[in-house]
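For reference, the structure is listed below as structure tokens.
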Amino acid sequence: MKTDTKLLMLIVVFGLIALAPLLITQESLLNIVIMTLYAALLGQAWNILGGYGGQVSFGHAAYFGTGAYTVAVLQVQFGINPWIGLAAGGLAAAAVGAFIGLCTFRYGLRGSYFALVTLAFAEVLRILSNSVDFTGAGVGLLIPLERSAANFQFLTKAGFFWVIWAMTLAAFLTVWKIGNSRFGAQLMAVRDNEDAARALGVNAFRVKMGAIMLSGFFSGLAGVFYAQYFLYLDPYIAYGAAISVESLLVPIIGGMGTLFGPLLGAAFLHGLSELSRAVIGDAPGISLVLYGVLLVIMVLFVPRGLAGLASHLRSGKRAVSQAEGGNDRA
Amino acid sequence: MLEVSNLRAGYGAVEVLRGIDLSIDKGEIVTLLGSNGVGKTTFSAVVSGLMQPWSGSITFEGKSIAGLTPQAIVDEGLIQVPEGRHVFPNMTVRENLELGSYRRGRANRSRNIEHVAEIFPRLRERFSQNAGTLSGGEQQMLAIGRGMMAEPHLLILDEPSIGLSPLLVEEMFSLIKQLNTDGLTILLVEQNVLQSMEIADRAFVMENGEIKLSGIPADLMDDPELQRSYLGLA
Amino acid sequence: RAQAAPVKIGLIHPVSGFIAFSGSQCRAGAEMAIADINAAGGIKSMGGAMIEAMLADSQGKPDIGAAEVTKMTEAGVHGIVAGYSSAISLATSQEAAKTNTPHVVDVGVSDSIVTRGLANTFRFSPGYGKVAEMAVSNLDTINKTAGSPAKTAMIVHEESLFGTGTAELLSKQLPGIGIEVVDVIKHANPTRDFTNIALQIKSKQPDLIIPANYYNEYVLLARTLRQQKIEAMGIYSVLGGAASNLQFVNEFPEAAELIMDCNHWYDPKSDLALARRKAAEAKGLIYTYEIFLAYNAVAFLADAIERAGSTEPDAINAAMASSTWDQHGMPYGPTKIVNGQNESAQPVNTQVQKGAIEVIYPAEFASAETVFPMKM
Amino acid sequence: MTVLEINGLCKSFGGLQASQSVTLTVPQGGITSLIGPNGAGKTTLFALITGFHTPDSGSVRFLGEDITGLPPEAIAKRGMIRTFQTVQPFAGQTVRENIAVGAHLKIRGRAEALAKAEAVARQVGLGDRLDMDAASLTVAGRKRLEVARALATDPKLILFDEVLAGLNPSEIRDVIPVIHAIRDEGVTILLIEHVMQAVMSLSDYTWVLNQGAIIAEGPPKDVVSDPHVIEAYLGKGMAERIAKREAASA
Amino acid sequence: MPDSAIIIPSVLNGLTTGGLYALVALGLTLIYGVLHIINFAHGALLMLGLYAVYFLNVQFGIDPYVALLIVPPAMFALGYALQRGIIGRASHGRDENILLVTLGLSIIIENLSLFFFRSDTRTVDTPYSFDVIEIFGAFLPYPKVVAFIGALVTAALLWLLMSRTDLGRAIRALAKERKGAQLVGINADHVFAMSFGLGIACLGVAACLLLPSYYVNPQVGGGFVLIAFTIVVLGGMGSFVGALIGGLIIGVVEALGGLFLGESLGQIGIFLIFILVLIFRPTGLFGAKA
Ligand SMILES: Nc1ncnc2c1ncn2[C@@H]1O[C@H](COP(=O)(O)OP(=O)(O)OP(=O)(O)O)[C@@H](O)[C@H]1O
Ligand SMILES: Nc1ncnc2c1ncn2[C@@H]1O[C@H](COP(=O)(O)OP(=O)(O)OP(=O)(O)O)[C@@H](O)[C@H]1O
Ligand SMILES: [Mg+2]
Ligand SMILES: [Mg+2]
């Protein structure tokens, strides 16, 4: 697909999504759309570093939580308006990204080592936020209820919809630009072969730093959104493993290193979860069993992620890639 | 010994082998020539079970082996030394050799290691070095040595001379000749046309996924077509 | 006679995920309440309308809990009983507030749940402010009665909202009753090993050990105290200890003996309460506090609906706010709601004696005499 | 003028002296070759020059400046690019995208970089495989890709590590003019090669490395008759063959 | 500041706890460290092992240590079947798919357990549950000392297996060079499944040695997985000695961290040590150079 076709598609897709609050009257459905966009944002943030940069992170909660706590702490402790907190949250998360990047890329951590170290950083932040007072420690932080748009607490879900829509669109446009720029080309080169990239003059360290900061920034925005939507944070919600897992699950299901993957992945996962709950009802855990089974089945039949499937359907090829050698057993 | 007829295979929807017919008799050295990308490696991969044929038959020592798993084919004594070496980089030279007799020739493992070390004294010096840190040429020796460990009946060598110094290439070709004299049947896939023709009993030339020419080297060397497109003469 | 339209009560509990045990206990208790009410003729003021439960699983996550609230309000729910955990209760009550849907918190002990000024949010059981206050004053009485042998205490608490909040209040108030807090140890969930904590207790030799943690950690702690041969005058746990958990008492009778607990507990002198316990145990349930608190949360809501005679949110909320309901079998007295909180709710002190859980304090509910200090 | 000046470069791996005080120079504008038996330390020397290994001692000067110990990307930016003996394509990306990574060293814009990639691909004979996945190229195709990526950076000096390995004689004959053309554009070339046919017809000057040390240097036709070189590297058969060919072409 | 008299008991205790961690990590070393299969279901499978030990004890009165004869082989079979039948098949050779599949499996296993075993926390009561061994004034619980020894033995056995047997060599070969492995006749599917099975069998061992001093509920695995991953990477991917030492280090760091920083904040020590070690040795303590 040509890059300008992608941009066009992006605009069309987000244009269609923008119709949601106009067409959907049920708040619960709109909520699903909102949470799907939110998951797509988290996933796209991860995708920048993991999918395009090849640096698989198990600790994206570090950025999410930082964004969330930043906006909450500024409000609760300093009375600073959450719209300012929004920017501060994104930037603080990017700064955490820069710090983690410095500690890891500088010392040549790669692959599994990198993945686990990011997780360790998220844990360190969780434990810290559990111990210091200004985050409310284990008690958590409750953002006071003052519903008004000026206060980033909308009266209706539609208000929240527009915020998450804009954030997600920004993330997707950024990734589109990555796929179409020198930075992106260098990032993907580092992903595919760092030595070869460096031999061609790519400053791998700088490129990875750029990616981790961008990635952190968008995760941080997701955190800000979460904080304002639910108004309560504790260390597990903010820095727990669940966010890190969701961040990577979404783009992997959707297709790593693809522009639309995170959106497909988010829609699929939310659809799956709604479906399994609708089918099973409320026998404890059984709907989750179904969810797990469907997940495995989906991987069995769609091994290259949903975006991979989509591009295959479009080009009408068999579901095996040429590059992987078709019926090659290797 | 090996009988291939009308073999077709490819990647995805792209057909690379479009009906290959080829045969090797016991005790022969047969060389398979062809320009880059014509499908020689694909052919080796299909014969040794790494890839499934689309159609056609492969018979080895009277038994059909088309579509068998690689390990079943190894059991039959058909061993491939792959292009690109594919040695185990995280393991020592000795361990690489030991694994060569994972399925065949295990009983004679230590004797065979000794044998390989005699052929390639360089490997002996590097027995406890990780294969990943060997030089390109050393890795090539190791790959051949590993293949020898399985006491093959038929050895397929895919571009064994790649990356070897002229002296070693020379030595390798005489080694291949030597192995053959000792009773091993060999299929040699090569770009080094001149030298492989010198030792081969018969040669096949592949083009467009088919065998274009075949015969004994002396005759083929005079073929103007071959001279032009493979020897760079005229 | 035409069947009156059913009254829909939403039950949102974490029946899967990391707090699934408590969540399913809550659900079981709530469902028992609904069954009992229906068996007794439903909501009589509404023509015997049956109560219909709408079930949802929050999976232990506030966001899912809130989403379930939205779905339920759209499906015409008339009241919601939810939470178990404070974090989830905060999210569900706030979401329900948008539609003014009556919302009763069953267990969540955080006081911020009811202090946010949400007109739809009620809690029938005590919050941890009240629990800690009672824990201290009851302890004072117990200690004084025994001639004030206990001078020092050590608090061991889990790190989340309930443990931290409780520990904070306790460590502020204990010095006021002449008990010095020699150390406060906060630990993670899960903590895989309690030896360190036991060693610290051993080296500080407090008269009292005060744990405030969840069941898993409590089991390990109690076991380790024994292995490390630690002796104290008493183990006095606050919210969630052995002395109010029948499973622990059954599985570790020796370790549990004489441990005291300040916790939610039913009134052992109330026939109503005993009958409910029996009914629950007949179903194979372990009668933990989640069961009777959720039971009462539902019954309290149903009583309000009964008195409101309508499913109008405002009417139900008003009925709850003015409730004087007393059919709870709890050591509470008649309900008295202030800002959504039942002010008459209180914890009691229990002690394990000869393998049974006895109420020892306040005196009017006591089923046994306090044994303190315990001789080990 | 010398482009590259290596002085007393040493490197050892554990007990193995892979590079023993190597000193060599590469003059501007020509094609210099580096030959030597397998395991002599040629690739290691390339890695030392381009910053992938740090030398134990010795120095590397490029265009008159000391670049010893600089990271690979800094060296590449100054205009020295290496290729890899074990080819390292960006698998999963197309040939065009692979080459564009090189082009981006000097070019910021995406479209221009892609255009440059296309031009370079044509130059090295990959023009018909631009949209193929680099992973599905044959070994020889990947070698060309290595060359193309390096070329796309507009280098001043290219280090080729066995880019002709795996080509048959007629293909080698086809590639030789490509390399000449690169040199004619003003790019200095240092190449490692075992294909003597190419070494002979391409290079102006040859260095011979054996067991980490330089054992001979000079114009190729002198070097191939050096008995040390014949003994350590060429072998009698090849020496004779070369002599015969030289005689025939003379 | 903690009383200095409790530092030694605390360290000794940390070592025994570390032995338990090492046990859980050893299985993961094989699966994650050698084969690079990110097994998100590791904790769930540990939980299944613990339930197996629990039910053998409660239903048939089989002592957890006697269950060593039953549970590890059964877990091996389960692991083999899971890898061959599901994980290998669904992954199509892609790492990220393995991650998804094992995540899916862990969701399935945990929630099925929730359904069948209910969510109660359960413990076994053995005659030695409260026994202690006194060393240097420290009371070390008997089950933990046994587990510590078990970890040493398991690590030694695994090391022998990997370095001295053809199966071990085949596993290592396959991990790095699939095509080469196939060409020497290694049946990739079988060997992958064997190693997965072995890794899960290690979990079986861990379960038998863990239960006497611990508990089981459907979520119990979660508390060990993170630690196990940390240990594998800290020790160096694929190194059994590394996993053992890593486990002990983590045990001691946790103990001392708890003493000096408090039990909650002290957990930070584990991760800080981990980060620091990797910054200075990016391939872990005993990891081969990349
Ligand atoms: N994994 C793959 N996916 C798709 N196409 C492939 C793959 N591997 C090889 N091909 C294509 O198949 C054709 C034959 O390749 P093969 O490697 O068999 O050639 P070869 O004759 O061995 O060439 P060489 O002499 O360069 O080794 C080539 O056109 C190549 O591009
Ligand atoms: N990282 C390393 N650790 C240990 N030994 C190494 C390492 N890298 C290279 N060697 C050894 O150094 C020697 C030189 O290797 P190098 O790759 O430079 O040889 P080369 O001259 O390029 O050979 P070839 O022509 O076969 O490619 C070899 O013996 C090799 O085994
Ligand atoms: Mg080939
Ligand atoms: Mg080399």
Side-chain angles (χ1 to χ4, degrees), chain C residues 14-25 59-60 156-160 163-164 183-205 214-220 223-224 226-230 245 247-248 251-255 284-286 288, chain E residues 2-14 16-18 20-21 107 110-111 113-115 118-125 129-132 138-144 210 213-220 222-224 227 251 254-259 262-268:
Chain C
V15 292
S16 66
F18 68 109
I19 41 177
F21 177 70
S22 300
S24 33
Q25 293 287 90
Q59 298 174 18
V156 179
H157 69 94
E158 62 87 36
E159 64 186 359
S160 81
T164 314
D183 207 352
V184 178
I185 299 181
K186 170 159 115 173
H187 65 76
N189 295 317
T191 288
R192 291 162 294 254
D193 178 45
F194 274 86
T195 315
N196 248 340
I197 294 176
L199 288 171
Q200 278 167 280
I201 296 176
K202 203 175 193 175
S203 83
K204 300 239 158 88
Q205 300 194 320
Y214 293 115
Y215 184 73
N216 297 340
E217 281 69 35
Y218 196 92
V219 169
L220 294 184
R223 213 191 246 174
T224 313
R226 237 190 95 190
Q227 277 162 344
Q228 298 298 329
K229 313 200 192 316
I230 286 164
N245 190 314
Q247 188 186 0
F248 185 79
E251 287 183 8
F252 302 93
E254 291 164 49
L285 293 167
I286 305 167
T288 59
Chain E
D3 186 342
S4 60
I6 63 178
I7 290 182
I8 289 177
S10 171
V11 168
L12 284 176
N13 175 67
T16 54
T17 311
L20 274 174
Y21 295 165
I107 295 175
E110 264 174 30
N111 287 288
S113 310
L114 187 67
F115 186 78
R118 299 213 319 276
S119 44
D120 335 7
T121 293
R122 305 173 196 230
T123 49
V124 293
D125 193 18
S129 283
F130 291 99
D131 288 355
V132 290
F139 298 124
L140 297 178
Y142 172 79
K144 286 171 89 177
L210 180 59
S213 60
Y214 212 66
Y215 55 80
V216 55
N217 63 31
Q219 282 81 36
V220 69
F224 288 91
I227 291 274
E254 186 180 47
L256 292 179
L259 273 192
E263 289 299 317
S264 168
L265 183 58
Q267 293 278 314
I268 215 173

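Computation of the quantities below employed the complete heavy-atom set of this structure, encompassing side-chain atoms and omitting hydrogens, waters and symmetry-equivalent molecules. In what follows, chains carry the letters A, B, and so on, assigned in the order in which the sequence lines appear, proteins first and then strands, with residues in each chain numbered from 1.
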What residue in E:Leu20, E:Ile227, E:Asn111 has the most heavy-atom pairs under 4.5 Å with chain C?
E:Ile227

Could you tell me which portion of E:Thr17 (side chain, backbone, both or neither) has an atom closer than 4.5 angstrom to a non-hydrogen atom of chain C?
side chain

Side chains of C:His187 and E:Gln267: does their closest heavy-atom pair fall under 4.5 Å?
no

First locate atom CG of C:Asn216, then atom OG1 of E:Thr121, and finally report the distance between them rounded to the nearest 0.5 Å.
3.5 Å

For chain C, which of E:Arg122, E:Glu110, E:Lys144 has the most heavy-atom pairs under 4.5 Å?
E:Lys144

Okay, E:Gln219 and chain C: the region with an atom under 4.5 Å from a heavy atom over there is side chain

Can you find a side-chain donor-acceptor pair between E:Asn13 and C:Asp193 that sits under 3.5 Å?
yes

Checking heavy atoms, do the side chain of C:Leu199, its backbone, both or neither come under 4.5 Å from chain E?
both

By a 4.5 Å heavy-atom criterion (distance strictly below it), what part of C:Ser24 contacts chain E: side chain, backbone, both, or neither?
side chain

Considering only heavy atoms, which portion of C:Glu159 lies under 4.5 Å from any heavy atom of chain E: side chain, backbone, both, or neither?
side chain

Checking C:Glu217 against C:Thr191: is there a side-chain donor and acceptor pair closer than 3.5 Å?
no

Answer with side chain, backbone, both or neither: which region of C:Ile286 has an atom nearer than 4.5 Å to a non-hydrogen atom of chain E?
side chain

Interface residue of largest heavy-atom contact number with chain C, from E:Tyr215, E:Phe115, E:Tyr21, E:Tyr142, under 4.5 Å:
E:Tyr215

Option in E:Ala255, E:Gly258, E:Gly262 with maximal non-hydrogen atom pairs under 4.5 Å from chain C:
E:Ala255

With only heavy atoms counted, which part of E:Val216 is less than 4.5 Å from chain C, the side chain, the backbone, both or neither?
neither

Taking the six-membered ring where the residue is Trp, are the ring centres of E:Tyr214 and E:Phe224 under 6.0 Å apart?
yes

For C:Glu158, is it the side chain, the backbone, both or neither that has a heavy atom under 4.5 Å from a heavy atom of chain E?
neither

